[in-house]
Structures are given as C-alpha cells and as structure tokens.
Amino acid sequence: MAFREPCDNTFSNNINNAIPYAPLLDSTVVAEPPQRRRRRRSSSVVLLLMTGLLGVALIFAVVRFGIRHNEIGSRSSSLETRRPAEMIVPADRGVAEGVSLKTFGRLRGARAYSWTNNMLAWQRTAFHFQPRKNWMNDPNGPVYYKGWYHFFYQYNPFGAVWGNIAWGHAVSRDLIHWRHLPIAMVPDHWYDINGVWTGSATILKDGQLVMLYTGSTNESVQVQNLAYPADPSDPLLVDWIKYPGNPVLVPPHGVGPKDFRDPTTAWLTPQGKWRFTIGSKVNKTGISLVYDTKDFKTFELLDGVLHAVPGTGMWECVDFYPVSRVMENGLDTSDNGPGVKHAVKTSLDDDRNDYYALGTYDGTTGKWTPDNPNIDVGIGLRYDYGIFYASKTFYDQEKKRRVLWGWIKETDSEAADIQKGWASLQAIPRTIVFDKKTGSNVLLWPVEEVERLRVNRKVFHKVKAKPGSVVSLDVGSTSQLDIMAEFEVDQEALSRINGTNTTYSCTTSNGAAQRGALGPFGILVHTDNDLTEQTPIYFYISKDSLGNLKTFFCADHSRSSEATDVNKAIYGSIVPVLKGEKLSVRILWLRHLL
Ligand code: DQQ
C-alpha cells in the first residue's frame, strides 16, 4: 500500500512483549489548577454504595485490582495550553462532511472547559483498545486467523477528527493485549479515494480470507470492493491487495448512491453459494439487501430484502448471525438448523444507537422474520444503552464463541479531541449468547481474557446500606478495578410498599437524584474525594398498583464531571429479572480523579 503508519517497527511474535497503551502526551510536569492538584495526591479508591429510601444489602462485592500499566494521571504535556473559560464550543459540523462525525447536539453553544493536557492525558484508558493517536471509529473485519486475533478499524492517520478514512490494524493473542501493525488499506483508488469504509471478513472453505468493504468513490458514491491478503501464509496479514476489478458492486436501481454500505461477513447457503447483506434505506424505511456470490467478484441481488423496518432510516453496519438455543458455545456464521435463532443488528444513522432483534431465518428465501414484531430491529432492544455504535460480531473458531466489538466515541467535544490528539476507543470485546432463560434477548459478557488483568482481590460480604445512605468501601490504592457486586433487597419491606402507576424511566425520571422507596441503589464510581463529581450506576425497582415489579438499570452522568463541554446523559433500560435471580453488577473501572 502507498503509505504506512510509522508506529511499530519493533514488532515481535512474542505477545509477552506486548506493551500496554502509553499516554500520547509527553510527561513534562506542568502547573495545574490548585483544586486538581489537591485531588491528585491520593491514589486510593473508595467505592460508594448508595441506596434509595429502602435499605439494601450488598451481598458481596468482589473487587479485583488491575495491573498498574501506566500512571497516566501523573503525566502531562509540555505543550500545556489553556483555553479561556468563556470560549464557546463550535457548532457541530454538518452531515455533508461525512457519516461518522462526532456530534452532540446538546453541546452546541456550551461553554468550552479549560482542559489542561494533563487532565486530557489521564482520560486515556488502560485496557480498552485505542490506536496511539488520531481518530478511530467502526470495528472492521475482526477475525481469528492462524493463531492471531486481527482487529481492523476506521482510522484517520492525519488527525483526531473523522476524515481520510483508512483501515488501522492490530493483532492480539488474547483480545486484550494488542500490537499495532501498519495501516492495512488506505484510500488510493478512484473507488475508495473518499474513504476505505466499513467491511467484514469471510473465511472461505479452503481457509482463505477475503474482505468486502465499502469504498466512497471520487464522486462520493458508495460501492463495494474486494481485498485479500497479499501473502495468505503470513499470520499477521500485514499486506493487502485490492482486487483489480473493483468495485465489485455499485448501488442497485432504486438505492441512493450514498445509501449502500457496510457488507457483512458472508455465510453459506444450502446451494453452496456465499450470501451476505448490506444496509440501506428507501425513503425512511431501513432495509438490508441480500446478495449471493460464488467468487466475491460477481453477484446476484436477491428479490426482496433480508428485512425492512419502516421509520428507522439508514441501516449502517448491519450484522447477521446465528445463536444457539441449546448449546453454550457460539456458532459459525454459516450454521443453521432447528436449535438456531438468528439475530439482525443495525446501527441507526438517525439516532446513532445499535439495535438488534431475534428471529427466524429462512435459508431458501433469504428472509428473516422477527420473533416479536413489537420489538423489531431498530424499535426494540439495544445491546448497550451507553455510547456504543457500529458494532460487529465475529466467530472465534479457536474458542468456539461469538465475540462482539463496538465503537465508543466518548462524550467530549471535537475541540477537546483535537487538543487530546486522539478520539474514541473500542468497548472491551464481549462474548454474545442467546439468553435461554428469557428466550427473548442476548447476553453479553466481557471476554474471559480480561480476567487475566486481575492481580489482587478484596471481598466485602453482607454490607448493609440503610435507607437513603451512602456507604464507603475502601479498596486501597489502585489504578484499575474489576468490580462484581450483588444486591439483595429486603423482600419484606418491598412487599409492604404501595405501588403507583407513575412510570419510571432512567432518562426522564431525574436520574439518581430522584429517591424513591425502591431505588436508586448501586455504586458511585468515578467520584472525587468530596463527591462533587460522581457517576451513580444503579438499579431502580418500580412497583405498579397491581404489585407488578419492574427493574431498571441506569447510569447517571449528570454530575460526572465539572467540565462544561461533555455530554452528561442519564441512560439505561428495563432489565429482565426472573424469579430467584439476584441483582448483580460488573464494572470495569479506571482510576480518574482520586
Ligand atoms: N462509518 C463508516 C461507514 C459506516 C459508518 C465510515 C458508521 O461505512 O456506515 O467511517 O459509523
């Protein structure tokens, strides 16, 4: 390829040499505002257990300490700059400038915060995937190949804002420790000169790997292109060839030139052809087109679509995969049969959230039918109620599991990204399985490898939190925590409470500030010592006049930062809790201002 990121010339096959992420900014100590300096002195962590008006018992909390990768918080930049506090966050850039802009309507016109480079440096995470610098968005073609997990991602090699999109590339043995490799593909042909956009990997029957990806052409038309490894025997897949006959697909009749993107991994049809789907829209109806191919060079567009949902708008980054109703393991994308359900996931361009639904796939017609049309794709379930977009699964044939990657674009402003020199991270990869108990949703859990980061542990048993109280749990000094907590609500008190018909919602019921009899209760994270900054992660149980209970799981960011130019959403959803199930929480935590 024409150019490479000059980042990692010292690559070694030994993963033990893998280094954790380093802060980007250099470490010259500079003056900080007095208040921040005071807070930074202590590196101990106090978890705070909070309750509503009804007491809860924290049955147990296991807190596992992470490795001290970097003392990110103690570093700062010699290029320290301050912006005047009265500066206003510039207006969002327009849709015409691209499809993956970092826009937060609520930030428009907000007062810009005086971020120091020191503060920005400690915002880098220690165990989520991030490139060393610049902008990153969607996960692309994750795949396990010859002993290595490969992760590709949408990447701007030239800056911390979306643009010049190329495919960044990293490899790992364990999905946690990564080595950055040279950029895999850059925009260098007329058919992708405006961006090497999102695509997926397919492993063919003979073990060969092919990638289909969207190119934005010299006229900003979205086309599909084929690429493959220059040397299939190279386990690191460093060099990529773009098929000389590209583009292999152009928008079909009736589909807008800018509404045809993000091909999925292909699966085998009963006729032995490869089939895949591509998101699009017709007017306001989100759709997913289906193509068959034998060679990934010529294609047949199937009549009808995989699925369509009126009112959902453009479907980006569609994902389609089987889940087993009976087994514990994940399934290869081509698996089908009586014990199998299929999930369709779409990333809705209109609201920038990932939605999925479970249903039945007919391999003959190429159509999928939702189990419950009331919670169809784009109008029902989400994987995640925080910032999580453009996700994609892959089948890990080594560990027989399906793994989900998702892009987290953060809550700060584009101006802050430019100052940081980087933007975005990827969520910890999660295994994804069908929830056999409810039969109506999937279950996500951080991949087991993340547990290898734990080096110490502290257990708290039967901690009681009285109504309306906050209880400290001192976990000593650390920079990373993996918190698992289980709560027990006093059932007798619960039954005594009169139900009401007031509806509760994480987003509109005043967050953790609204104290009800049945919540909120949970854990305060990311607090500073005097609780002026805090992020409650909590449950809230609502009871209606007939005595029916509903459990909500929410996160309230409204007091999470003193900064004025970050989006401080309160979000969450109802969670199914079956009879006899405990309320448990897992939080992967990094030390911030303590
Ligand atoms: N990002 C890519 C597109 C995709 C969008 C461009 C989703 O292919 O639709 O960077 O974030």
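When a ligand or atom number is given, it counts from 1 through the structure's own listing order.
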| task | For Asp262, take its heavy atoms, then give the atoms of ligand 1 lying under 4.0 Å from any of them. | result | 3 (C), 4 (C), 8 (O), 9 (O)
| field | Spacing of CG belonging to Asn137 relative to CG belonging to Asn140, to within rounding of 0.5 Å | value | 8.0 Å
| query | For Arg402, what residues pass the salt bridge (charged side-chain N to carboxylate O under 4.0 Å, His left out) criterion, not counting sequence neighbours? | reply | none
| field | All salt bridge (charged side-chain N to carboxylate O under 4.0 Å, His left out) counterparts of Lys399, not counting sequence neighbours | value | Glu448, Glu449
| said: Side chains of Glu410 and Ser424 only: does a donor on one sit below 3.5 Å from an acceptor on the other? | reply: no
| task | Answer with side chain, backbone, both or neither: which part of Asn137 has a heavy atom less than 4.0 angstrom from an atom of ligand 1? | result | side chain
| task | For ligand 1, find out whether one of its N or O atoms is nearer than 3.5 Å to an N or O atom of Glu316. | result | yes
| Test of proximity, Thr198 against ligand 1: N or O pairs below 3.5 Å | yes
